[in-house]
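Contents: one structure, followed by commentary.
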Protein chains: 2
Amino acid sequence: MKVTINDVAKLAGVSMKTVSRVINKEPSVRKKTFDIVMDAVKELNYQPNLAARNLAGTSSFTVGLVYDNPNAYYVIDMQNGVLSRCKEEGYELVIHPCSYTDSQMEEEFITMIKRSRLAGLVLTPPLSEHSKITNLLDELKIHYVRVLSGRPTDDDQDTCIYVNDYKAAYEITTHLLKHGHTNIGFICGDKEHKSTSERLEGYKAALVDFDTPLNAAFLYDGKYSFESGVEGAKALLKDNNELAITAILGGNDEVAAGALFASRLMGIQIPEQLSITGFEDSPFSRQTWPKLTTAHQANDVISQHAARLLFTKTRGARNQDKEIITSFTPSIVIRESSGPKQ
Amino acid sequence: MKVTINDVAKLAGVSMKTVSRVINKEPSVRKKTFDIVMDAVKELNYQPNLAARNLAGTSSFTVGLVYDNPNAYYVIDMQNGVLSRCKEEGYELVIHPCSYTDSQMEEEFITMIKRSRLAGLVLTPPLSEHSKITNLLDELKIHYVRVLSGRPTDDDQDTCIYVNDYKAAYEITTHLLKHGHTNIGFICGDKEHKSTSERLEGYKAALVDFDTPLNAAFLYDGKYSFESGVEGAKALLKDNNELAITAILGGNDEVAAGALFASRLMGIQIPEQLSITGFEDSPFSRQTWPKLTTAHQANDVISQHAARLLFTKTRGARNQDKEIITSFTPSIVIRESSGPKQ
DNA sequence: AGTTAAAATGACAACGCTGTCAATATTCTA
DNA sequence: TAGAATATTGACAGCGTTGTCATTTTAACT
């Protein structure tokens with residue numbers, strides 16, 4: 001029942017070490033030997049034991065995914081992306097949700113890393129933005145890849161995958177401006193998230209390019225939540241909409257859905273009286289009524305690339321054949337929640 | 001930097017085996033010895049190496065969570081529940097999404113199990129309902145716990161955690177009947193899911209108890225998706241609602257949200273002209289407008305218990321102190337999407 | 001062909017822990 | 001308080017792989 005590397009070695013008539021070389025795709029194995037071993041592996045249906053590899057080897061075959069994100073869709077997408085890559089490469093994934101406000105976080109982190117001797121870590125926002133964490137990892141000498149909101153201007157492209165929220169916001173805002181909107185509200189997400197400031201800057205840049213003045217009253221400091229969207233819309237549209245706002249950018253899809261909800265409560269017609277847009281294109285941007293105009297962000301693809309980047313870092317130059325993209329720009333998706341100013 | 005069991009043993013002045021006994025909470029360790037060792041563990045901040053434990057020990061410290069469920073909220077809740085338990089017990093979790101229609105599934109399963117020598121598996125619906133999988137696991141002699149839709153009448157309570165969807169549906173239907181609704185549509189979920197038939201039976205039972213005839217035309221064969229909810233509502237309300245339906249049970253919250261969406265397209269007022277309800281109480285049942293009446297299902301608690309049950313199975317009688325609940329009944333949550341018949 | 005350099009392979013210990021079983025310490029019995 | 005019964009501890013091998021380094025084979029030269 002249980003097949004070990006030794007069984008394969010015997011069947012192939014080589015040493016265990018050679019089998020090990022083959023399954024790890026190490027160089028200096030003759031093609032012929034390689035084939036013989038592979039045949040034996042297949043015949044016996046051999047599966048290398050992960051625990052033994054982790055124990056004996058220099059680098060382990062386990063990577064971690066760390067997140068502090070209440071958005072289930074986001075987390076699932078990230079997981080699936082990393083997971084699909086892991087499956088291909090024979091790695092294991094351990095997931096580690098945590099709260100960056102938690103004082104025990106640091107300790108927990110260290111515990112996890114000590115216990116499972118991770119080959120590397122994928123960090124997602126907002127954790128990826130905290131130097132407290134990256135410093136800790138640097139200290140522990142753990143490889144990691146960060147998924148970050150930002151523009152690919154920095155020089156640490158071998159550690160980061162950027163999501164260009166600036167551009168996404170710029171384009172969404174432009175879309176609205178082209179439809180004649182000038183008084184555009186923005187319900188910002190959590191201040192602690194880099195995506196919030198990136199999106200805000202993109203919004204501002206678009207206004208500038210269209211010679212449209214920015215009114216500070218158009219901005220609402222919120223959070224990345226449905227409830228915050230409700231509150232934000234109420235605040236922006238208060239006093240019978242004296243600000244004359246005709247469009248609102250939600251900080252993300254959830255916020256936009258909240259804004260939609262609030263508008264409905266106030267009897268406002270979407271998109272006739274008010275355009276609303278989101279970010280991320282999560283499934284429920286298609287489940288609101290009307291459906292949300294938003295910026296599509298391919299989180300599963302992004303996380304796949306993050307994992308790939310991590311693997312190349314961990315194992316040196318192997319797999320360099322496939323080019324790694326380290327910057328992603330969400331693409332705008334126009335649906336029914338936005339339309340011309342009337 | 002790296003602390004092994006040997007270091008602890010030396011500091012405590014005992015053998016490695018004794019330290020091992022202490023960290024595994026094995027019996028026959030003198031209280032005094034226990035304390036001495038624990039002090040050493042703390043002083044050195046020792047963390048047992050998981051790979052070594054998995055390799056050397058009889059049962060591993062890794063459990064798996066297997067799912068085939070497109071519902072991100074559900075998956076995340078299940079994960080978090082199992083994960084929280086794992087953290088407490090020092091186990092690792094590997095997650096394994098898979099498709100039960102995939103022909104490679106079986107092979108993948110075997111590969112995963114061979115590779116990581118799992119202590120056990122938590123199966124969630126609909127995978128937990130397939131004898132193909134449970135048979136395979138029985139064959140491989142792998143412990144598992146199934147989370148199932150059903151009533152706790154079966155005798156394999158040491159392997160199953162039941163979610164009483166029958167009762168949930170019964171109560172939701174009763175709620176509607178009490179509000180005077182008699183023509184109640186039901187947009188069923190996937191036929192392959194046990195929850196679909198359970199919910200349907202609960203619905204029927206309530207009708208019987210209220211002497212309300214069931215019209216087969218009130219039932220729509222759908223899927224657990226938003227789109228199916230849209231289609232279902234359109235079908236049930238077609239021809240200007242000649243069936244005179246005044247309430248619709250969505251197969252789950254997503255379906256209900258879809259029905260809500262369709263109703264809106266048709267210009268139907270909710271809940272004045274039509275009551276709509278869901279199941280599960282997932283976050284977006286609070287993000288529709290109006291908010292959904294639904295049946296709250298504590299998936300995180302359920303999965304915690306599943307994990308606990310698995311651990312007691314794996315390690316014999318330990319932890320029996322905390323009683324394990326193997327049956328959960330969702331509780332109805334009344335919100336704005338349902339109201340009296342008008 | 002005879003050297004020499006380079007490539008391919010193998011022997012064996014080690015990774016950090018637990019299982020087995022033998023050794024010792026403690027408690028109990030008469 | 002001796003002797004048996006039991007509770008507690010320890011020595012050591014082994015889990016299945018990989019790293020190190022020695023050895024053998026092949027290729028590349030005169």
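Proteins come first, then strands; the chains are lettered A, B, ... in the order of their sequence lines, and each starts at number 1. These numbers come from a predicted model, not from an experiment.
The ring pair (Phe, Tyr, Trp, His ring centres under 6.0 Å) check on B:Tyr67 picks up nothing, with sequence neighbours excluded. The ring pair (Phe, Tyr, Trp, His ring centres under 6.0 Å) test applied to B:His193 returns B:Tyr224, not counting sequence neighbours. With sequence neighbours excluded, no residue forms a ring pair (Phe, Tyr, Trp, His ring centres under 6.0 Å) with B:His96. Not counting sequence neighbours, the partners of B:Thr18 by the side-chain hydrogen bond (donor to acceptor under 3.5 Å, both in side chains) test are B:Ser15.
The interatomic distance linking B:Arg115 (CZ) with D:dT17 (C1') rounds to 13 Å, in whole Å. The separation between A:Leu50 atom CG and D:dT17 atom P is 10 Å, rounded to whole Å. Between the NZ atom of B:Lys31 and the P atom of D:dT9 there is a distance of 13 Å, given to the nearest Å. For the pair A:Arg117 CZ and C:dC15 P, the computed distance is 11 Å after rounding to whole Å. Regarding B:Asn6, its CG atom lies at a distance of 13 Å from the C1' atom of C:dC15, rounded to whole Å. In this entry the distance linking NZ of B:Lys10 with C1' of C:dG16 reads 13 Å, nearest Å. In this entry the distance linking CG of B:Asn49 with C1' of D:dC15 reads 13 Å, nearest Å. Here the C1' atom of nucleotide D:dT9 and the CD atom of B:Glu26 are 12 Å apart, to the nearest Å.
Between A:Tyr91 and A:Phe61, the angle of the ring planes lies from 30° to 60°, which puts this pair in the tilted group.
Closest to the side chain of B:Ala52, out of C:dG16, D:dT17, D:dG19, is C:dG16. Of the listed nucleotides (C:dC17, D:dT18, C:dG19), C:dC17 has the atom at the smallest distance from the side chain of B:Ile5. Between D:dG19, C:dC17, C:dC15, one nucleotide has an atom nearer to the side chain of A:Leu55 than all others, and that is C:dC15.
One side chain, A:Asp138 or A:Tyr144, offers a donor N or O that lies under 3.5 Å from an acceptor on the other. Counted by atom type alone, A:Gln297 and A:Asn299 present one or more donor-acceptor pairs between their side chains at under 3.5 Å. B:Asn54 and B:Thr62 share a side-chain donor-acceptor pair at under 3.5 Å.
Using a 4.0 Å heavy-atom distance criterion, B:Lys2 is classed as a sugar-phosphate-only contact. The residue B:Lys32 sits apart from the nucleic acid: no heavy atom pair falls under 4.0 Å.
Remark: A:Thr58 is in phosphate contact with D:dG19, judged by side-chain N or O atoms under 4.0 Å from OP1 or OP2. The side chain of B:Asn24 contributes an N or O atom lying less than 4.0 Å from OP1 or OP2 of C:dT18.
The side-chain contact (heavy atoms from CB on, under 4.5 Å) with A:Val145 is formed by just one residue from the set A:Thr326, A:Thr124, A:Leu310; it is A:Leu310.
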Report, one pair per line, the protein and nucleotides 8-10 of chain C atoms (nitrogen or oxygen only) whose separation is under 3.5 Å.
from, atom 1, to, atom 2, distance (Å)
C:dA8, O3', A:Arg30, NH2, 3.2
C:dT9, OP1, A:Thr33, OG1, 2.3
C:dT9, OP2, A:Arg30, N, 3.1
C:dG10, OP2, A:Ser15, N, 2.8
C:dG10, OP2, A:Ser15, OG, 3.0
C:dG10, OP2, A:Thr18, OG1, 2.6
C:dG10, N7, A:Arg21, NH1, 3.4
C:dG10, O6, A:Arg21, NH2, 2.7

Open item on the list: Expected output check: what is the dot-bracket annotation of DNA chain C, where ( ) and [ ] are pairs inside the strand (brackets for crossing ones), | is paired with another strand, and pairs are Watson-Crick or G-U under 3.5 Å?
Closed with: ||||||||||||||||||||||||||||||
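Under 4.0 Å is where a charged nitrogen must lie from a carboxylate oxygen, and between A:Glu108 and B:Lys87 at least one such pair does.
When each of A:Gly57 and B:Ala56 is assigned the nucleotide of DNA chain D with its nearest heavy atom, B:Ala56 is the one assigned upstream, toward the 5' end.
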